[in-house]
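Okay, structure first, notes after.
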Amino acid sequence: MTHVLQNVVFPLDRDPDLLPLYADPETWSVIDEEPVRVSNRAHLGNILGRNRARIVAGRRVSLGTYFNAFPASYWQHWTSVRQVRLTVRTSGPATILVYRSNGAGVRQRVDDREVSGTATTSFDLALTEYSDGGWLWFDVVADDKHAVLEGAEWTTEQEPARMGKASLGITTYNKPDYCVETLQALADAPDALDLVDRIFLVDQGTQLVADQDGFDDVAGRLGETLSVIRQPNLGGSGGFARSMHETLQRPESDFVQLLDDDVRLEPESLRRSIVFARFATNPMLVGGHMFDLLDRPKLHGWAEVVDEDPFMWRNLYQEKLPHDFGVANLRQSPLLHMRMDADYNGWWMCLIPVAAIREVGLSLPAFIKWDDAEFCLRAGEAGFPTVSLPGVALWHVSWVNKDDTIDWQAYFHARNRIVAGLLHSNAPRGGRLLSHSRRVDLKHLMMMQYYPTALRARALRDVLSGPSHMRGNLATAMPAARALAAEFPETVVHRDPSVVLHSRKGRRVYKRRKQHEYDSPTGIRLRWFTASTLLKHWLHEPDPANVSQPEVEFGKDDAHWWRLPAFDSALVSSADGSGKNVYTRDRAKFRRMLLDSVRLHRQLKRRWPQLQKEYREALPDLVSDAAWQHTFEEQS
């Protein structure tokens with residue numbers, strides 16, 4: 001039986017920014033060792049349908065692109081498939097050229113055929129030389145007349161290791177428009193829906209998806225496949241745990257595919273993730289990459305890892321991201337040809353085998369932050385690895401215009417990272433986790449950001465209280481954190497157009513430099529800077545003139561922790577550019593919070609072995625299906 005591993009597709013939207021991710025009809029060159037686009041021959045008029053495209057006479061179009069190249073190294077490494085067939089259907093005179101790359105991104109010609117008229121051309125390709133990385137792809141070159149690519153697929157005759165469908169779990173809080181768009185995209189993609197058992201839309205908001213224009217129509221099209229579940233706001237972890245719980249009741253579902261709400265989906269990616277999971281030699285989690293919804297050629301999330309010390313998440317080769325496919329295509333980006341192994345994948349798009357949920361439990365009751373990383377680490381320890389699969393992706397609102405480390409989410413950043421460390425870190429007393437956490441407090445204090453410091457102190461106290469607090473405050477921690485903001489004037493974003501805020505000494509603008517040339521102190525300079533700043537903020541009251549009016553103004557990108565401490569107050573642009581925050585030094589708050597931070601971190605370090613034992617013993621109950629079901633019933 002022939003199994004389609006991957007279809008060649010073209011964008012659903014007529015958006016020219018999307019074309020570089022699907023087809024590459026452009027000419028590229030290299031200037032100063034950087035790839036650049038020197039001419040643009042892309043034309044939306046040549047995209048004839050979801051699977052069809054025109055190749056203009058005398059021109060060449062490469063399918064060596066993010067969504068249409070075949071990630072050979074991942075298939076070789078994680079599955080037992082060793083032979084794939086590329087089938088290309090064309091009309092008109094053309095030449096089809098098949099290429100491969102290795103882990104260093106070196107291109108090699110594999111095969112080529114000349115075709116004419118209406119033709120179906122197949123290439124049998126071995127998956128045996130891609131241990132370190134590499135893709136397969138093809139180009140089509142039109143002759144003296146236009147040619148049309150009528151469609152193409154990557155297939156195998158090998159049987160998958162397992163069958164079964166996937167249930168989809170979409171958690172939403174007041175994003176009804178996005179959710180309806182996602183449902184419409186799914187309804188328009190029958191080949192993807194064929195692999196879907198149920199769509200669980202867990203609505204935790206006050207702006208209900210069921211009330212959104214277009215919902216009734218798409219709900220009618222999806223029929224019994226769609227199940228809308230209302231529950232109070234239990235965060236992403238509570239919403240996704242509900243999808244896991246519901247999927248466990250479905251014998252037809254072997255997987256649950258988690259999707260965020262504020263996304264745009266490429267339905268072929270959904271199909272590919274399920275197919276890959278079916279063929280994986282051992283059951284595994286299949287994660288998708290994240291592109292920027294507001295800058296669609298930019299890739300922000302690739303393979304993500306958690307460093308053992310200081311137990312912090314990051315992207316592999318983080319300094320190379322985001323990658324802009326509008327500037328450098330796949331063939332011009334050697335790093336993207338390497339096989340990258342992940343520790344976890346964000347739950348904007350992550351497929352989880354039901355077998356893993358039955359063995360390791362559901363999501364940690366973390367509300368938000370670290371629930372995805374912690375689950376993947378837990379699953380990995382039980383023998384269910386995570387792959388971050390190229391060609392599987394969606395578009396999600398990125399963090400470019402956000403800074404959730406200084407709003408109410410600071411509580412969850414701090415608490416959940418430490419809890420995850422207690423559960424999974426093998427370093428003695430968490431290694432550098434606690435010293436890094438203490439430094440985060442110092443930076444906030446020196447920057448006059450007292451609200452996130454207060455939230456982080458609350459988080460540490462809750463960790464010290466024991467694991468039962470996590471389920472106990474699941475529904476209340478977020479509103480309590482937001483309510484605390486009223487005690488901190490710095491949290492107010494000044495947007496009133498009738499009131500123009502000015503600083504006494506004007507705006508400080510710093511020359512933009514490369515990252516490694518930033519003037520942040522290091523080594524002995526860092527120690528001296530920290531000690532002298534802490535001493536100054538401890539001993540000296542701010543100048544009353546700087547309390548009544550901000551001393552200086554900073555743009556968000558200039559307001560770094562090594563610049564703000566030199567002033568008594570500062571006017572700083574908000575992350576999204578909608579207004580300005582006023583940060584003012586408060587000696588009493590500084591003293592109290594600094595002592596709190598030192599004391600709490602000392603307690604955590606002293607009690608780490610005991611807390612580690614408590615949290616690890618409590619974990620099976622914290623993540624059990626029965627405990628989550630009780631929470632759902634209690635909150636209903």
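Counting begins at 1 with the first residue of the sequence. These numbers were taken from a predicted model, which means no experiment stands behind them.
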Can you tell whether the side chains of [X] and [Y] come within less than 4.0 Å, N to carboxylate O?
X	Y	value
Asp558	Arg508	no
Glu553	Lys580	yes
Arg587	Asp568	no
Asp404	Lys369	yes
Glu181	Arg264	yes

Point-to-point distance, once rounded to the nearest 0.5 Å, from [atom1] of [X] to [atom2] of [Y]:
X	Y	atom1	atom2	answer
Arg591	Trp538	CZ	CH2	5.5 Å
Ile199	Ser243	CD1	OG	11.0 Å
Arg458	Asn473	CZ	CG	9.5 Å
Leu442	Thr530	CG	OG1	7.0 Å
Ser237	Leu474	OG	CG	5.5 Å
Glu374	Leu423	CD	CG	5.5 Å

Requested in this report: Please report the C-alpha distance between Glu551 and Arg504 in whole Å, then the side-chain angles of each, then the deciding distance to 0.1 Å, and finally whether the salt bridge (charged side-chain N to carboxylate O under 4.0 Å, His left out) criterion is met.
Outcome: CA-CA 5 Å; Glu551 183 176 0; Arg504 296 179 59 237; 5.4 Å; no
Requested in this report: Using the ring-ring contact (aromatic ring centres under 6.0 Å, His included) rule, pick out the option among Phe412, Tyr173, Tyr411, Phe240 that qualifies with Phe367.
Outcome: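 Among the candidates, only Phe412 passes.
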Query raised in the report: What's the verdict on salt bridge (charged side-chain N to carboxylate O under 4.0 Å, His left out) for Asp407 and Arg482, showing C-alpha distance, side-chain angles and the deciding distance?
Result: CA-CA 8 Å; Asp407 66 12; Arg482 298 187 73 163; over 6 Å; no
[X] side chain to [Y] main-chain N or O, any donor-acceptor pair under 3.5 Å?
X	Y	value
Ser269	Leu265	no
Thr405	Ala410	no
Gln204	Gly235	yes
Asn315	Tyr317	no
Asp324	Gly326	yes
Ser437	Leu433	no
Asn416	Trp370	no
Asn68	Tyr22	yes
Asp295	Lys298	no
Asp260	Val263	no

Requested in this report: Start with the C-alpha distance between Leu422 and Ile418, add both sets of side-chain angles, then the distance that settles side-chain contact (heavy atoms from CB on, under 4.5 Å), and finish with yes or no.
Outcome: CA-CA 6 Å; Leu422 287 166; Ile418 292 174; 4.3 Å; yes
What are the two closest non-hydrogen atoms of [X] and [Y], and how far apart are they?
X	Y	answer
Arg415	His469	CD-NE2, 3.1 Å
Leu445	His537	O-ND1, 4.2 Å
Asp341	Leu316	O-CD1, 3.4 Å
Met340	Leu335	CE-O, 3.3 Å
His502	Pro550	O-CD, 3.9 Å
Leu226	Leu201	CD1-CB, 4.3 Å

Query raised in the report: Which of parallel (below 30°), tilted (30 to 60°) and perpendicular (above 60°) describes Tyr451 and Phe488?
Result: tilted
Query - Aromatic ring pairing Tyr66/His289, orientation class (parallel under 30°, perpendicular over 60°, tilted between) - result: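 Tilted: the ring planes of Tyr66 and His289 meet at 30° to 60°.
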**Report entry** Row check, Trp395 ring normal vs Arg296 NZ/CZ: under 6.0 Å, within 45°
**Finding:**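 Yes, a cation-pi geometry holds between Arg296 and Trp395.
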Report task. Please confirm whether Arg242 makes a cation-pi placement over Trp628, using NZ or CZ under 6.0 Å from the six-membered ring centre and within 45° of the ring normal. Result -> no
Requested in this report: Test Leu460 against Leu604 for side-chain contact (heavy atoms from CB on, under 4.5 Å), laying out the working first.
Outcome: CA-CA 8 Å; Leu460 269 57; Leu604 274 170; 3.5 Å; yes
Requested in this report: I would like to know whether Glu541 and Arg585 meet salt bridge (charged side-chain N to carboxylate O under 4.0 Å, His left out); could you show each step before the answer?
Outcome: CA-CA 8 Å; Glu541 288 276 11; Arg585 190 158 65 83; over 6 Å; no
Query raised in the report: Are Arg507 and Leu571 close enough that some pair of their side-chain heavy atoms sits under 4.5 Å apart?
Result: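 Heavy-atom side-chain distance check fails, nothing below 4.5 Å.
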Query raised in the report: If we only count heavy atoms from C-beta on, is the Val547 to Asp543 side-chain gap below 4.5 Å?
Result: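 Counting from C-beta outward, Val547 and Asp543 never come under 4.5 Å.
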Query raised in the report: Given His444 and Tyr450, is the side-chain hydrogen bond (donor to acceptor under 3.5 Å, both in side chains) satisfied, shown in steps?
Result: CA-CA 7 Å; His444 283 312; Tyr450 304 117; over 6 Å; no
Requested in this report: Could you give me the CA-CA distance, side-chain angles and deciding distance for Thr182 and Asp261, then say whether side-chain contact (heavy atoms from CB on, under 4.5 Å) is met?
Outcome: CA-CA 8 Å; Thr182 296; Asp261 55 353; over 6 Å; no
**Report entry** Exceeds 12 heavy-atom contacts within 6.0 angstrom, atom NZ of Lys320
**Finding:** no
Report task. Go through the steps to decide whether Arg438 and Asp441 satisfy the test salt bridge (charged side-chain N to carboxylate O under 4.0 Å, His left out), and finish with yes or no. Result -> CA-CA 5 Å; Arg438 188 170 57 247; Asp441 281 355; over 6 Å; no
Report task. Kindly indicate, with the supporting measurements, whether the criterion side-chain contact (heavy atoms from CB on, under 4.5 Å) is fulfilled by Phe291 and Leu394. Result -> CA-CA 6 Å; Phe291 283 89; Leu394 47 63; over 6 Å; no
Query raised in the report: Centres of the Tyr344 and Phe375 rings: under 6.0 Å?
Result: no
Requested in this report: Dump the intermediate steps for ring pair (Phe, Tyr, Trp, His ring centres under 6.0 Å) on His323 and Phe325, then the final yes or no.
Outcome: CA-CA 6 Å; His323 179 83; Phe325 282 94; 4.6 Å; yes
Query raised in the report: Asp307 and salt bridge (Lys or Arg N to Asp or Glu O under 4.0 Å): which partner among Arg417, Arg432, Arg314?
Result: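 Between Asp307 and the candidates, salt bridge (Lys or Arg N to Asp or Glu O under 4.0 Å) is satisfied uniquely by Arg314.
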